[in-house]
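When reading the values below, keep in mind they use all heavy atoms of this one structure, side chains included, and skip hydrogens, waters and symmetry mates. Naming convention: chains lettered A, B, ... in sequence-line order (proteins, then strands); numbering from 1 in each chain. All values reported here derive from a predicted model rather than from experimental measurement.
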Amino acid sequence: MSARRLSVDPLSAAGRLLGATLVGRGVSVMIVEVEAYGGPEGQPWPDAAAHSYRGVGGRNAVMFGPPGRLYTYRSHGIHVCANVVCATDGVAGAVLLRAVAIESGADVAQARRGESVRPAALGRGPGNLCSALGITMEDNGIDLFDGQSPIQVTLGGKRDGVAGPRVGVSKAADRPWRMWLAGRPEVSLYRRSPRAPAPGESD
DNA sequence: GGTAAGATCAGC
DNA sequence: CTGATCTTACCT
């Protein structure tokens, strides 16, 4: 089982997921943009921006479980976002999927997103990506390496990733834990969270 | 028991 | 820039 290849720190796992293939629900995509997230103080990668920072809670239990599972959460009460869990059982770590390039099933993705959405934007953004792939909160915790799962991942692919600061977070906003494939039109434009302190400020 | 903020997105 | 919409965490 190659979920073992995700038994590493979040940034390394992010690098391994870049260029990987995700298949399920009539669509096949390549991952082109991700963000790494750590865990609480006292664990290997304390990360104030992570959902797991305050310890195991209601929604984030999957983040503390074994690698290779899907961790979904609802954002702003509206969108669903998806992470791939990394590290080891008991240690929190995950990689947020931020953008994908549709390889096949673009018609299915287009139907889910709406006919007016441009092709490069079909899988751009964490919420949009889940919409395009048909991922819902029902999928929280599924094993992406299990052939029975509705969504499955295959590692291996490009390794020419570029790193920069994370998008949307108000804490630890300067940490360069976002990675993407340079030149890909599906990658979202960087914009700092309006709630984040000025660059370089401690928080 | 109340409230504010949030790993977002689309439309002005 | 703002509204939509709801869950969680933290406060009194």
Side-chain angles (χ1 to χ4, degrees), chain A residues 6 9-11 13-15 17-18 22 31-41 43 45-65 69-87 92-100 102 109-141 144 161 163-180 185-197 199 203:
Chain A
L6 295 180
D9 66 277
L11 194 57
L17 284 163
L18 265 190
L22 213 54
I31 299 170
V32 300
E33 183 188 357
V34 296
E35 266 174 15
Y37 285 91
E41 301 288 344
Q43 289 210 342
W45 315 287
D47 183 2
H51 289 163
S52 50
Y53 187 62
R54 318 269 171 185
V56 179
R59 71 175 170 177
N60 64 12
V62 175
M63 263 189 91
F64 289 82
R69 306 244 281 250
L70 189 71
Y71 162 53
T72 58
Y73 68 92
R74 191 172 297 285
S75 177
H76 290 71
I78 300 180
H79 305 100
V80 174
C81 300
N83 297 246
V84 178
V85 176
C86 63
V95 177
L96 171 69
L97 305 179
R98 289 204 59 90
V100 298
I102 313 284
Q110 189 77 248
R112 290 194 179 117
R113 296 273 286 115
E115 295 301 324
S116 62
V117 179
R118 296 196 348 243
L122 281 174
R124 177 191 291 148
N128 292 337
L129 171 163
C130 286
S131 171
L133 287 174
I135 295 174
T136 70
M137 287 302 293
E138 302 286 299
D139 297 317
N140 191 34
L144 294 170
R166 294 184 287 194
V167 175
V169 299
S170 61
K171 313 241 179 203
D174 297 329
R175 189 181 298 193
W177 273 19
R178 169 177 174 245
M179 294 186 70
W180 65 94
E186 297 86 2
V187 174
S188 48
L189 296 175
Y190 172 66
R191 55 155 241 304
R192 167 170 283 255
S193 167
R195 295 177 294 278
D203 76 274

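- Remark: the backbone N or O of A:Pro199 is not paired with any side-chain donor or acceptor of A:Asp174 at under 3.5 angstrom.
- Among the atoms of the strands shown, none is found under 4.0 Å from any heavy atom of A:Met137.
- A distance of 11.0 Å separates CG of A:Leu133 from CG of A:Asn128, quoted to the nearest 0.5 Å.
- Rounded to the nearest Å, the gap between the C1' atom of B:dA5 and that of C:dT2 is 16 Å.
- Summarising the geometry, the separation between CZ on A:Arg118 and C1' on B:dA10 is reported as 14 Å, rounded to the nearest angstrom.
- For A:Arg59 and B:dG6, the CZ to C1' distance is 8 Å, given to the nearest whole Å.
- Per the geometry, CH2 belonging to A:Trp180 stands 20 Å off P belonging to B:dA7, to the nearest Å.
- For A:Arg113, whose side chain is taken as the heavy atoms from C-beta onward, the closest listed nucleotide among B:dA10, B:dG6, C:dC10 is B:dA10.
- Counting only Watson-Crick and G-U wobble pairs whose two key distances fall under 3.5 Å, DNA chain B forms stems of three or more stacked pairs at B:1-6 with C:6-11, B:8-11 with C:1-4.
- A donor-acceptor pair under 3.5 Å links the side-chain atoms of A:Arg124 to the main chain of A:Pro185, judged by distance alone.
- If you check residues 69-86 of chain A against DNA chain C, the residues with a heavy atom closer than 4.0 Å are A:His76, A:Gly77, A:Ile78, listed by number.
- A sub-4.0 Å separation between OP1 or OP2 of B:dA10 and a side-chain N or O of A:Asn128 is present.
- Between B:dG6 and A:Ser170, a contact under 4.0 Å exists linking OP1 or OP2 to a side-chain N or O.
- The NE2-C1' distance, from A:His51 to B:dT8, rounds to 11 Å in whole Å.
- A:Arg54 has a side-chain polar atom (N or O) that falls below the 4.0 Å cut-off from OP1 or OP2 of C:dC10.
- Checking side-chain atoms of A:Ser52 against main-chain N and O of A:Gly38 turns up a donor-acceptor pair under 3.5 Å.
- Residue A:Arg54 holds its CZ atom at 10.0 Å from CD of A:Glu41, rounded to the nearest 0.5 Å.
- Note: NZ (A:Lys171) to C1' (C:dA9) measures 12 Å, nearest angstrom.
- Scanning all heavy atoms of the two residues, the minimum distance from A:Ile135 to A:Leu70 falls at CG2-CD2, 4.1 Å.
- A:Asn140 and A:Arg59 get closest at one heavy-atom pair: ND2-O, 4.3 Å.
- The pair A:Glu35-A:Arg98 meets the salt-bridge criterion, since a charged nitrogen lies less than 4.0 angstrom from a carboxylate oxygen.
- Atom pair A:Leu122:CG and B:dC9:P shows a separation of 13 Å (rounding to whole Å applied).
- No donor-acceptor distance shorter than 3.5 angstrom exists from the side chain of A:Arg178 to the backbone of A:Glu33, with no hydrogens or angles considered.
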